Amino acid sequence: MQNLITSKFVAHFLEEVSVWQKKLSIADQVITVWFEVQRTWTHLESIFMSSEDIRKQLPEDSARFDGVDRDFKLLTKEMSKTPNVVVATNKPGLRERLEGLQKHLTLCEKALAQYLETKRLAFPRFYFVSSADLLDILSNGNQPEMVTRHLTKLFDSMAKLKFIDGDDVKPKNKEVDEESDESETEGNDEGEAEDSISKSSSSPELMLNQNIKIALGMYAKDGEYVEFNKNCKCGGPVSLVNYITSFIAEYFRALIKRF
């Protein structure tokens, strides 16, 4: 088209060439914006439509995305009825509609980024993982096995956890190992430290008949296994990795008190 415009023989076809140049320019702009909308929508759909946690934490933006999702699917259905690309992309107001959708998607992206930043501030080790990994962790907070694949990115020496169903759990001894009678004087302090780890997670009665997983210990990358002194309940709305960190910290504080 550019060659035709610059040709010395274009005078007779100038009006027609100009019309086609305008149509193709609009088609190019619409397709560019369409791809941007489609790429952003595809990324956010798996987050806002499948993650109940995100929808609860960001209700306003979830409602905004629902509107974008509805409009974009309707627009896609309308476009599929017109196989001619030039005709389909030159419909009046199409580019403005797409730009409006992209504007709303950008707002959803910003809100999501701010939400993830609050999680990273609350648990700085989340800075070690990408936004996609962090969303996967948060979305699967109630599915410990799916979260554990990210443990190597968060902890240098932790590869995976040993799980058992809540119905099969057995109470563990409160003591980390067999101690002499001399350690009994520290029993009360240690008991308080261990109780603060998780009162509910160490109680077999509360674990029974619940659809939860219990972590009995952790495996290092080299295969070394370290058993927890308390059963660690992995479930509920609290992020699994955050809970494990607090659990392990309290566990080692209890150990240090013995020395």
Side-chain angles (χ1 to χ4, degrees), residues 35-66 68-69 72 102 104-166 197-198 201 211-226 228 232-252:
F35 282 158
E36 291 179 359
V37 173
Q38 182 173 287
R39 182 171 54 253
T40 310
W41 171 79
T42 302
H43 168 63
L44 295 178
E45 184 191 29
S46 60
I47 299 171
F48 283 100
M49 303 303 288
S50 61
S51 175
E52 289 298 325
D53 179 67
I54 297 296
R55 296 186 69 85
K56 290 179 181 178
Q57 297 295 330
L58 304 173
E60 183 178 345
D61 294 283
S62 296
R64 181 184 291 113
F65 181 80
D66 288 342
V68 173
D69 181 68
F72 185 65
Q102 182 62 22
H104 288 302
L105 289 172
T106 301
L107 292 176
C108 292
E109 275 191 318
K110 289 182 178 179
L112 183 61
Q114 293 175 354
Y115 170 70
L116 295 181
E117 184 64 19
T118 60
K119 294 297 183 180
R120 289 187 169 110
L121 290 174
F123 187 69
R125 285 183 179 270
F126 280 151
Y127 282 106
F128 298 154
V129 299
S130 65
S131 296
D133 288 340
L134 179 52
L135 285 169
D136 187 59
I137 292 172
L138 297 174
S139 300
N140 294 294
N142 293 330
Q143 303 180 58
E145 294 91 341
M146 299 185 66
V147 176
T148 52
R149 61 188 174 187
H150 301 290
L151 288 180
T152 54
K153 305 171 187 176
L154 298 169
F155 305 98
D156 288 337
S157 301
M158 185 184 298
K160 60 181 180 179
L161 299 174
K162 181 179 180 181
F163 290 109
I164 188 173
D165 291 330
I197 294 173
S198 176
S201 66
N211 186 23
I212 59 175
K213 290 288 185 179
I214 308 299
L216 303 180
M218 56 185 176
Y219 288 95
K221 294 178 181 179
D222 60 1
E224 180 184 1
Y225 176 69
V226 178
F228 295 147
C232 178
K233 184 174 72 171
C234 302
V238 182
S239 174
L240 171 63
V241 289
N242 198 4
Y243 185 83
I244 290 175
T245 303
S246 301
F247 184 90
I248 294 175
E250 293 293 340
Y251 170 52
F252 281 106

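It should be emphasised that the depicted structure is a prediction, and the values quoted were computed from it without experimental measurement.
Scanning all heavy atoms of the two residues, the minimum distance from Tyr115 to Ile54 falls at CE2-CD1, 3.2 Å. Scanning all heavy atoms of the two residues, the minimum distance from Ala111 to Leu58 falls at O-CD1, 4.1 Å. Closest approach of Arg120 to Val129, counting heavy atoms only: NH2-O, 3.4 Å.
Taking 4.5 Å as the limit, every side-chain heavy atom of Tyr219 sits out of range of all side-chain heavy atoms of Leu161. Lys162 has its side chain within reach of Tyr225: a pair of non-hydrogen atoms, C-beta onward, lies under 4.5 Å apart. Looking at heavy atoms from C-beta onward, Thr40 lies in side-chain contact with Gln102 at the 4.5 angstrom threshold. Leu44 is listed as a side-chain neighbour of Phe65, based on a closest heavy-atom distance under 4.5 Å. With a 4.5 Å cut-off on side-chain heavy atoms, Leu134 and Tyr127 do not count as touching.
The existence of a salt bridge linking Asp61 and Lys110 is excluded, since no basic side-chain nitrogen approaches an acidic carboxylate oxygen closer than 4.0 Å.
Counting only residues at least two apart or on different chains, no salt bridge (charged side-chain N to carboxylate O under 4.0 Å, His left out) pair has a member in residues 121-132.
Every residue was checked against the side-chain hydrogen bond (donor to acceptor under 3.5 Å, both in side chains) condition with Glu109, not counting sequence neighbours, and none meets it. Shown here are the side-chain hydrogen bond (donor to acceptor under 3.5 Å, both in side chains) partners of Asp66, two or more places apart in sequence or in another chain: Arg55.
Remark: His150 NE2 to Lys153 NZ distance equals 5.5 Å, nearest 0.5 Å. For the atom pair Ser62 OG and Lys56 NZ, the distance stands at 11.5 Å (nearest 0.5 Å). Rounding to the nearest 0.5 Å gives a distance of 10.0 Å between CZ of Phe126 and CG of Leu116. Note that OG of Ser46 is 10.0 Å distant from CG of Asp136, once rounded to the nearest 0.5 Å. Expressed to the nearest 0.5 Å, how far NE2 of His104 lies from CZ of Arg64 amounts to 7.0 Å. The structure places CD of Glu45 at 10.5 Å from CD of Gln38, a figure rounded to the nearest 0.5 Å.
In this structure, Lys160 places its NZ atom where only 12 or fewer heavy-atom neighbours from other residues, nucleotides or ligands lie under 6.0 Å away.
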**Request:** Show your reasoning for whether side-chain contact (heavy atoms from CB on, under 4.5 Å) applies to Asp133 and Phe128.
**Result:** CA-CA 10 Å; Asp133 288 340; Phe128 298 154; over 6 Å; no
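Between Trp41 and Phe72, the angle of the ring planes lies from 30° to 60°, which puts this pair in the tilted group.
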